[in-house]
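Structure, as structure tokens:
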Amino acid sequence: MTDDGGYLLDNRQAEAGRRFDALAALFNASTFRHIEALGIAPGWRCWEVGAGGPSVPSWLAGRVGPAGEVLATDIDVSWMPDGAGYTVRRHDVGAEPPPSTGFDLVHARLVLVHVPRRAEALAAMVSALRPGGWLLLEEADPALQPLACPDEYGPAQRLANKVKHAFRALMAQRGVDLAYGRTLPRLLREAGLTDVEADASFPVTGPACVRLEEATVRQIRDRLLAAGLATTEEIDEHLANLATGTLDVTTSPMVSAWGRRQHQT
């Protein structure tokens, strides 16, 4: 993520680790399926942008083997251990040039939507690809499905949706594009990539959805209160409802889009 001073989900907070674990449980299978379909093989050079935690770079390192290379970057690398088969580097994709070039794969999940200079960041990732290399971007699209509980049948579900709307309001105030996910195919084509395709993953409910919601609400609690978007009582009640394990909370659809840099002629 970029260090713009306004990022709601600060990696330095204790809840960040729980968010990373929940996101891995929800979306790693889809991410890995896409990367496998792109043909990842031993010897590939991969750049994991805004890695956050270790789960994706560790998996990539296992696929490319000792002959390959995995570079994992973020503005906060405290959640990524050294000596895990990949290289860790602090890097701001929205403000700095690519740390290297000639990558077979560049992957970013839930990164660009938070980056103020999205166009520059996307251009940097494209420029880091080798001819024939793949860019895989995965971004949420909250505007496609803005509810925490699509089945809003009672007061607990209505409260969950109120808190979710408040969170989305905070995101919008900080320049987050709540409809960014759907734009990825067009952006990849405009960047000159070919063979562009996209699909979406949409977990409806489950323990990882609950864990993600709880960690997120705890991270943004003070901001919600400061902005007058929720009361202490409402937040405590929502967290208590989540703790019962009976509240069906979902996530935003995660749009995955991929494209290939053209071979030089």
Side-chain angles (χ1 to χ4, degrees), residues 1-3 7 9-93 96 98-115 121 124-125 128-130 133-140 199 201 203 206-209 211-212 215-216 219 251 254-258:
M1 304 306 176
T2 58
D3 191 8
Y7 184 46
L9 302 171
D10 191 338
N11 285 3
R12 292 167 291 185
Q13 294 174 285
E15 292 85 0
R18 290 191 284 275
R19 288 191 71 257
F20 293 151
D21 290 344
L23 288 168
L26 288 168
F27 296 115
N28 273 8
S30 175
T31 293
F32 298 161
R33 172 175 59 84
H34 287 107
I35 295 174
E36 291 278 18
L38 296 179
I40 189 170
W44 271 32
R45 299 184 67 237
C46 304
W47 178 19
E48 179 65 20
V49 183
S55 66
V56 175
S58 294
W59 182 89
L60 289 172
R63 287 299 187 273
V64 304
E69 175 189 349
V70 176
L71 175 63
T73 64
D74 207 318
I75 62 164
D76 183 345
V77 298
S78 58
W79 294 96
M80 288 183 286
D82 292 325
Y86 53 86
T87 301
V88 177
R89 187 178 303 177
R90 188 191 182 283
H91 179 263
D92 186 339
V93 69
E96 299 175 296
S100 184
T101 57
F103 289 104
D104 299 281
L105 171 71
V106 176
H107 172 247
R109 187 172 73 191
L110 294 174
V111 174
L112 286 181
V113 71
H114 297 287
V115 175
M125 286 189 271
L129 292 169
R130 67 163 178 81
W134 290 97
L135 174 61
L136 171 62
L137 298 181
E138 301 184 292
E139 297 288 350
D199 62 18
S201 177
C209 291
R211 294 196 300 271
L212 179 61
T216 300
Q219 278 196 279
T251 69
M254 179 79 75
V255 178
S256 302
W258 54 97

Do [X] and [Y] have side-chain heavy atoms sitting under 4.5 Å apart?
{"X": "V56", "Y": "F32", "result": "yes"}
{"X": "L60", "Y": "Y86", "result": "no"}
{"X": "W59", "Y": "N28", "result": "no"}
{"X": "S100", "Y": "W47", "result": "no"}
{"X": "T73", "Y": "V93", "result": "no"}
{"X": "I75", "Y": "R90", "result": "yes"}

Roughly how far, to the nearest 0.5 Å, is [atom2] of [Y] from [atom1] of [X]?
{"X": "W134", "Y": "H107", "atom1": "CH2", "atom2": "NE2", "result": "14.0 Å"}
{"X": "S201", "Y": "L26", "atom1": "OG", "atom2": "CG", "result": "8.0 Å"}
{"X": "L137", "Y": "R109", "atom1": "CG", "atom2": "CZ", "result": "13.0 Å"}
{"X": "H34", "Y": "F27", "atom1": "NE2", "atom2": "CZ", "result": "12.0 Å"}
{"X": "H91", "Y": "L71", "atom1": "NE2", "atom2": "CG", "result": "8.5 Å"}
{"X": "E138", "Y": "L110", "atom1": "CD", "atom2": "CG", "result": "8.0 Å"}

Looking at every non-hydrogen atom in both residues, tell me the closest pair between V77 and R89 and how far apart they are.
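That closest heavy-atom pairing would be CG1-O, 3.7 Å.
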Measure from the side-chain N and O atoms of R45 to the backbone N and O of T101, and report whether any donor-acceptor pair falls under 3.5 Å.
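Side chain of R45 to backbone of T101, a donor-acceptor pair under 3.5 Å: yes, one is there.
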